[in-house]
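The block underneath contains the structure these notes are about, expressed in structure tokens.
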Number of protein chains: 2
Amino acid sequence: MASEAARAKRPPRTSVWLEGKPPGRSRKPDPTGRPDATGDISGASGDSGVSGASGESCDADHPSGLDRLRITAVSVRLLDAEGLAKFSMRRLAGELGVTAMSLYWYVDTKDDLLEMALDSVFGEIRVPDLTDENADWRDQLRELAVSYRTVLVRHAWISPLIGQYLNIGPRSMHFSSAVQAVMRRTGLAPSHQKGAFSAVFQFVYGFGTIEGHYVQRCAEAEVSQDEYYRHAMGSISEKPEFQGSFHQETGESAEAGGGDTVEEMRERDFTFALELLIAGIEAMRARE
Amino acid sequence: MASEAARAKRPPRTSVWLEGKPPGRSRKPDPTGRPDATGDISGASGDSGVSGASGESCDADHPSGLDRLRITAVSVRLLDAEGLAKFSMRRLAGELGVTAMSLYWYVDTKDDLLEMALDSVFGEIRVPDLTDENADWRDQLRELAVSYRTVLVRHAWISPLIGQYLNIGPRSMHFSSAVQAVMRRTGLAPSHQKGAFSAVFQFVYGFGTIEGHYVQRCAEAEVSQDEYYRHAMGSISEKPEFQGSFHQETGESAEAGGGDTVEEMRERDFTFALELLIAGIEAMRARE
DNA sequence: ACCTGAACACCGTTCAAGT
DNA sequence: ACCTGAACACCGTTCAAGT
């Protein structure tokens, strides 16, 4: 019952992809590079350097060579390099060689921008050939799950955004329709497909989220994943609460089982969990 | 390769729970209310009002009645009420009737504070009686999963924090040891227990995250969950990308199947997914 | 031992003004 | 049509100073 009635500036915002519902707002006339065609910046990780004002494609109407496509691409690069916390409109503008206010010509809010960046990386998920009638749905499910996980780890910043936005951009939709198409082929009753969908992809989401953050944390601390693991392990075991077991996010007892690396263990766990889920689908189908 | 070598102020921060590792820092002498005993603020949702300076328990050394316990409790209340985005040190201080700088006597950074708040709500998860030898591990797993989900929905702000921090506070550890104890009782080989653990609890994490955010979004927009669903549904189906299916986070085809509410569908999906996971564990155990 | 004021280096966003 | 400067209302955090 906090008294905050007198500040309803905008209606609570839904999604960039749903803009134009209240058509009163002075909308911009669709500047070049509608994010429907954000361009494949797929494995863009390598090209470091984050170059400054490079103004290549600038014509009369775009003196700074700005458009949604370029803004989105540079946003992704910046988010990959420095994380969501350090990403700001001013920082992005600097990278693009303009002032922060210029961005507001192309985008209504920072949230809109992030939603665009999010959808653009969803385009990196490889989708299996859905027209192949002979393909095994298990293989298709594995491919989607592995690819989704890869994207979550490569772009750790998307995790909180996936939880926050509606994820109804064109690429997000393409991905989720593919998943549903595969679910239809499992043989599960339609009323159960959504539950099974959830089981598999919420698992991948959670797994990729933790993994991605761990990887980033190690990179920031400039230590290997194994070093970080041993460090945290050592610190924790000195605490009184330590009662012989835990291993939340790293990857289970490192030195206990054998000389495996964190990455090997994680790989095993992911694979096993995925097979468990497939076995679960088969078991539930048999019960129907 | 961004040139940011000359700003390494602090080492990248690991966790409040690991403080004192580099013992150089001028640590405060353990003010009353160590978060190990943060107190049960369990179902604290109801008591609205967020009262201002109420200074009840103030003695000579705590003129404002401040301590980690109270700070944590009020943080949770504020985070529940207004979300992570609006939570600030200044806002919290205002609520406690002090200036923002006072908080830094009790806490090193905002991150430390959030980690404490996070661990405190982990204390709300109900843990089954692990000493009962006759209990079915399936029931214990269900209880843990349902309770974890409830907490994720009640405190939607914890989702990004769980991904961000190490979750090694006393209450988090208690929860994860409980989960591991249950996993040991499944009959799975020890080397597979972590994978199965992941499958189940990453699923719950993902599910609870999306659900929690959806619930909060509806609350902010001041519409019912069904209204919000129909609204989003309507907007989406006007788009060209709409190709007959999607239903990412809401709860599947609302009016398609029957007159079910969003909440009923979500309940069914969660239950089915959980049974799928249990069936998966059983199937994998049989294969070993 | 605890708390504060002033200050630093940031934010997102608006708005009137420039070209 | 596109871009900017100045301004508003915020941030987290430090540090010297108060009691």
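Proteins come first, then strands; the chains are lettered A, B, ... in the order of their sequence lines, and each starts at number 1. All values derive from a computational prediction rather than experimental measurement.
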**Message:** Could you work out, with side-chain hydrogen bond (donor to acceptor under 3.5 Å, both in side chains) as the rule, every residue matching B/Thr99, not counting sequence neighbours?
**Reply:** B/Ser102
**Prompt:** In terms of side-chain heavy atoms of A/Thr99, which of C/dT4, C/dC2, D/dG5 is nearest?
**Reply:** D/dG5
**Asked** For the residue pair A/Tyr148 and A/Phe201, does the interplanar ring angle fall in the parallel (under 30°), tilted (30 to 60°) or perpendicular (over 60°) class?
**Response** tilted
**Prompt:** Is a salt bridge present between B/Glu124 and B/Arg154, judged by a nitrogen-to-oxygen distance below 4.0 Å?
**Reply:** yes
**Message:** What is the distance, to the nearest angstrom, from the OH atom on A/Tyr106 to the C1' atom on D/dA1?
**Reply:** 9 Å
**Request:** Mark yes or no for whether B/Arg68, through its side chain, and B/Tyr106, through its backbone, hold a donor-acceptor pair below 3.5 Å.
**Result:** yes
**C/dA9 to D/dA9 separation - P atoms, rounded to the nearest Å** = 22 Å
**Message:** On DNA chain D, compare the nucleotides closest to A/Val98 and B/Asp111; which residue's is nearer the 5' end?
**Reply:** A/Val98
**Message:** To the nearest 0.5 Å, what is the distance between NE2 on B/His155 and CD on B/Gln216?
**Reply:** 11.5 Å
**Request:** With sequence neighbours excluded, tell me which residues meet ring-ring contact (aromatic ring centres under 6.0 Å, His included) with B/Tyr205.
**Result:** none
**Message:** Pair B/Asp111, B/Tyr165 - check side chain to side chain donor-acceptor pair (under 3.5 Å), show working.
**Reply:** CA-CA 9 Å; B/Asp111 279 302; B/Tyr165 302 130; 2.5 Å; yes
**Pair B/Tyr228 and B/Tyr214, ring centroids less than 6.0 Å apart** = yes
Grab the N/O contacts between the protein and nucleotides 15-19 of chain D below 3.5 Å, and write none if there aren't any.
none

**Asked** Closer than 4.0 Å, any side-chain N/O of B/Trp105 to the OP1 or OP2 of C/dC3?
**Response** no
**Asked** Dot-bracket, DNA chain C: Watson-Crick or G-U, under 3.5 angstrom, [ ] crossing, | other strand?
**Response** ||.|||||...|||||.||
For nucleotides 8-12 of chain C, print each protein N/O atom paired with a nucleotide N/O atom at under 3.5 Å, atom names and distance only.
from	atom 1	to	atom 2	distance (Å)
C/dC11	OP1	A/Ser88	OG	3.1
C/dG12	OP1	A/Met89	N	3.2
C/dG12	OP1	A/Lys110	NZ	3.0
C/dG12	OP2	A/Met89	N	3.1
C/dG12	N7	A/Arg90	NH1	2.3
C/dG12	O6	A/Arg90	NH1	3.4
C/dG12	O6	A/Arg90	NH2	3.3

**Request:** Any chance you could lay out the side chain to side chain contact (heavy atoms under 4.5 Å, CB included) test for A/Leu103 and A/Leu96, step after step, and finish with the verdict?
**Result:** CA-CA 10 Å; A/Leu103 298 170; A/Leu96 286 161; 3.8 Å; yes
**Request:** Grab the CD1-C1' distance between B/Ile71 and C/dC2 for me, whole Å please.
**Result:** 12 Å
**Message:** Checking the side chain of B/Arg217 only, and the main-chain atoms of A/Gln164 only, is there a donor and an acceptor separated by less than 3.5 Å?
**Reply:** yes
**Asked** Sequence neighbours excluded, which residues qualify as ring-ring contact (aromatic ring centres under 6.0 Å, His included) partners of B/Phe87?
**Response** none
